[in-house]
Amino acid sequence: MRNKLYLALTAVAAGLALTSCSKMGALSSDNFSVTPNPLETVGDQVPATINGRFPEKYMKKKATVKVTPVLKYSAGETASTPANFQGEKVVGNDQTIAYRVGGNYTMKANYQYAPEMLKSELYLQFEAKKGKKTYNVPEVKVADGIIATSTLVNQTIKSTVPAYAADAYQHIIKQKEEANIKFLIQQAKIRTSELKSVSVQKFIETLQEIKKDQKRKALDNIEVSAYASPDGGLNLNTKLAKNREDNTAAYVKKTMKNTGIEGNLNTKYTAEDWEGFQKLVAESNIQDKEVILRVLNMYQDPEEREAQIRNISAAFTELAKVILPELRRARISLNYDLIGRSDNEIMQQFKADAKELSIEELLYAATLTDKVAEKKEIFKKTTELYPNDYRAFNNLAVIAIQEGNYDAAQKNVEKALKINANAAEANVNAGLIALINNNKETAKNYLAKGSANEVANNVLGNLYLKEGNYAQAVKAFGNTKSNSAGLAQLLTKDYMTAASTLSSVTDADALTYYLKAVIAARTNNSSLAVENLKSAIKKDSSLAKYAANDLEFKKLAEDAAFKALTK
């Protein structure tokens with residue numbers, strides 16, 4: 001093909017060279033090659049490379065030729081940057097073409113794509129001069145139309161799921177109340193003074209509250225852990241720890257009985273609490289602290305440990321005053337559940353008086369209905385009752401995006417960001433709105449702030465698509481099953497993966513089927529292409545006209561079924 005083109009260029013131009021110097025004849029499209037042909041969008045741009053050759057004795061020594069690539073379509077025409085060429089005796093900085101041997105040339109063209117350009121033609125227009133005289137060289141059509149599949153991102157992006165700000169509501173919240181009882185050295189009797197301590201009294205009060213409000217609170221279990229300090233013999237400490245366990249368990253049972261509450265009681269004891277000892281020493285400022293910790297690491301035998309520590313006489317005296325008394329203890333752990341409102345209770349309370357609901361309950365309430373109007377009502381009420389929480393504003397923006405009301409979405413996301421400028425969800429949604437409005441740089445700034453949110457990569461993938469970085473888009477989408485992800489894979493010519501992705505899209509829409517039709521057409525499966533086009537047009541009749549002008553389906557132009565769909 002290249003040789004054929006070269007010969008054609010040579011023959012036509014040679015014929016021109018033989019004509020009178022006062023006249024420059026018409027050129028044929030065979031004089032030029034365009035890559036790609038048909039033209040194809042990359043992101044929202046239409047780049048083209050035009051190759052040609054000036055053959056021998058064509059470019060007169062004092063002649064200049066300006067070549068301008070012009071894209072023509074029904075709404076008008078758009079010119080790209082021209083290329084200028086000059087003969088050997090022309091003084092200038094343009095590419096010089098030798099008269100006798102001629103020369104090859106390459107020129108670039110680029111256009112900002114607009115939808116009306118889909119059905120278009122690329123022409124080269126010439127302005128030839130020799131001295132002060134201008135010659136009319138007829139324009140030449142060099143390429144037909146534009147494949148604009150990449151620009152479908154402007155539609156697929158609208159089905160991107162925005163970033164929802166979740167509630168933190170829990171039906172059941174685990175709670176723990178702890179009390180400590182300290183014992184005198186080598187004693188297991190519970191002193192009255194210990195039962196009056198703040199922690200023990202709080203334990204009793206919590207038990208009483210559970211008994212009083214069994215609808216919202218439920219006892220899980222109570223654990224008793226008794227300890228002896230590691231000084232003294234193992235047998236003595238074992239007996240002490242066991243007695244402290246028994247006495248504390250008896251106290252807890254009595255308290256539960258007096259409160260009128262039943263539940264599981266689990267007990268255990270630790271004869272020598274070396275773990276607690278090491279923790280308290282590490283947290284203290286006692287003398288020879290580091291020496292004691294080294295001893296604990298060097299010796300595993302309890303008696304050897306104690307002997308070595310006692311040898312540090314000054315330190316041991318301080319240990320006996322500060323550390324060891326804290327280890328002669330029993331810990332009571334009261335584990336219970338806070339039971340939140342049921343789904344029905346939350347919705348009933350919202351209708352009765354929403355002010356009684358917490359922010360988490362309100363945000364959770366919106367998840368209990370599939371009706372958009374009800375979700376809006378709940379979020380609007382939430383913004384009134386909790387105006388300093390960004391999440392309801394963000395979620396109103398989510399609904400607006402999904403409805404295509406981008407002005408309302410913008411207003412709500414701005415309110416969310418005013419409350420919390422670092423909110424990942426709000427930044428991602430602001431980036432999505434900016435990208436839908438084709439403000440790519442603004443989108444980048446927002447996405448950088450919202451990168452921690454899981455939706456960010458999907459919006460970023462759409463940004464890469466708009467920029468023409470298809471491989472990066474595929475990477476950003478990962479395993480996402482969406483129209484945009486399928487489009488990215490299609491544009492990297494991974495048709496099998498793209499087809500699989502689009503087949504897995506939840507709630508497939510018209511564009512889902514249209515993209516599947518493009519894949520089928522590119523892989524020469526005409527019947528499947530028509531089948532998917534039929535599904536696409538059924539969901540969106542405007543696609544019939546679009547498909548009729550779409551060069552993706554050029555091979556189907558004479559197909560009867562295709563004609564019937566797109567007429």
Side-chain angles (χ1 to χ4, degrees), residues 1-19 24-61 63-73 77-88 90 92-113 117-130 135-150 468 470 491 493 551-552 554:
M1 178 65 189
R2 186 177 296 274
N3 289 336
K4 181 180 179 182
L5 174 62
Y6 175 80
L7 291 172
L9 281 167
T10 303
V12 172
L16 289 172
L18 293 174
T19 64
M24 300 187 77
L27 296 175
S28 165
S29 60
D30 290 337
N31 292 68
F32 311 96
S33 67
V34 179
T35 305
N37 190 4
L39 304 178
E40 186 169 356
T41 55
V42 177
D44 57 2
Q45 301 294 308
V46 186
T49 300
I50 302 163
N51 291 296
R53 173 176 172 78
F54 289 108
E56 297 86 340
K57 298 182 180 180
Y58 176 75
M59 181 64 75
K60 305 303 180 182
K61 294 182 180 181
T64 62
V65 178
K66 180 168 74 173
V67 183
T68 304
V70 178
L71 193 66
K72 294 188 176 185
Y73 42 95
E77 60 182 49
T78 302
S80 184
T81 304
N84 295 292
F85 307 93
Q86 63 188 34
E88 294 173 282
V90 176
N93 297 319
D94 297 321
Q95 181 178 346
T96 299
I97 304 297
Y99 172 69
R100 289 190 175 279
V101 298
N104 297 318
Y105 64 91
T106 298
M107 59 185 299
K108 300 287 185 179
N110 192 66
Y111 306 92
Q112 174 72 41
Y113 180 75
M117 294 177 178
L118 182 66
K119 189 174 183 180
S120 58
E121 297 173 322
L122 180 63
Y123 282 82
L124 295 182
Q125 295 181 346
F126 305 92
E127 183 179 326
K129 292 182 179 181
K130 183 180 178 185
Y135 300 93
N136 179 37
V137 178
E139 63 184 10
V140 178
K141 188 177 82 169
V142 292
D144 281 306
I146 297 172
I147 293 176
T149 302
S150 71
Y470 306 141
L491 293 171
K493 297 181 171 54
L551 290 177
E552 292 281 12
K554 184 177 180 180

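For the numbers below, each heavy atom of this structure counts, side chains included, while hydrogens, waters and symmetry mates do not.
Leu39 contributes atom CG, which lies 11.5 Å from atom CG of Leu118 (distance to the nearest 0.5 angstrom). For the atom pair NZ (Lys130) and NZ (Lys61), the distance works out to 11.0 Å, reported to the nearest 0.5 Å. Atom-to-atom distance recorded for Asn84:CG and Thr68:OG1 is 7.5 Å, nearest 0.5 angstrom.
Side chains of Leu71 and Ile146 form a contact here, defined as non-hydrogen atoms less than 4.5 Å apart. Looking at heavy atoms from C-beta onward, Lys119 lies out of side-chain contact with Tyr73 at the 4.5 angstrom threshold. The shortest side-chain heavy-atom distance between Lys57 and Tyr99 falls under the 4.5 Å cut-off. Put simply, the side chain of Met107 reaches to within 4.5 Å of the side chain of Val67, judged on heavy atoms. Taking 4.5 Å as the limit, some side-chain heavy atom of Thr78 sits within range of a side-chain heavy atom of Met117. Here the side chains of Thr49 and Thr106 are in contact, with some heavy-atom distance below 4.5 Å.
Closest of all the heavy-atom pairs between Ala109 and Ser80 is CA-OG, 3.3 Å. In plain terms, the two heavy atoms of Tyr470 and Val42 that are nearest each other are OH-CA, 3.3 Å. Gly43 and Ser150 get closest at one heavy-atom pair: O-OG, 2.9 Å. Between Tyr111 and Ala79, the shortest heavy-atom distance links the atoms CE2-C, 3.9 Å. Listed here is the closest heavy atom pair of Pro69 and Thr81: CD-O, 3.7 Å. Considering all non-hydrogen atoms of both residues, Met59 and Val65 come closest at CE-CG2, 3.9 Å.
Using a 3.5 Å distance cut-off with no hydrogens or angles, the side chains of Gln95 and Gln86 do not pair a donor with an acceptor. In the model, Glu121 has a side-chain atom that pairs as donor or acceptor with a side-chain atom of Tyr123 under 3.5 Å.
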I would like to know whether Thr149 and Glu552 meet side chain to side chain contact (heavy atoms under 4.5 Å, CB included); could you show each step before the answer? CA-CA 8 Å; Thr149 302; Glu552 292 281 12; 2.4 Å; yes
Evaluate side chain to side chain contact (heavy atoms under 4.5 Å, CB included) for Val34 paired with Leu122, printing each intermediate quantity in order. CA-CA 9 Å; Val34 179; Leu122 180 63; 4.2 Å; yes
Run the side chain to side chain contact (heavy atoms under 4.5 Å, CB included) test on Ile50 and Leu124 for me, step by step, so that the C-alpha distance in whole Å, both residues' side-chain angles and the decisive distance to 0.1 Å come before the verdict. CA-CA 10 Å; Ile50 302 163; Leu124 295 182; 3.7 Å; yes
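Judged purely by atom type and a 3.5 angstrom limit, Thr96 has no side-chain atom pairing as donor or acceptor with the backbone of Glu88. Between the side chain of Gln45 and the main chain of Asn110, no donor-acceptor pair closer than 3.5 Å is present. Put simply, the side chain of Ser29 never gets that close to the backbone of Val142: no donor and acceptor are under 3.5 Å apart.
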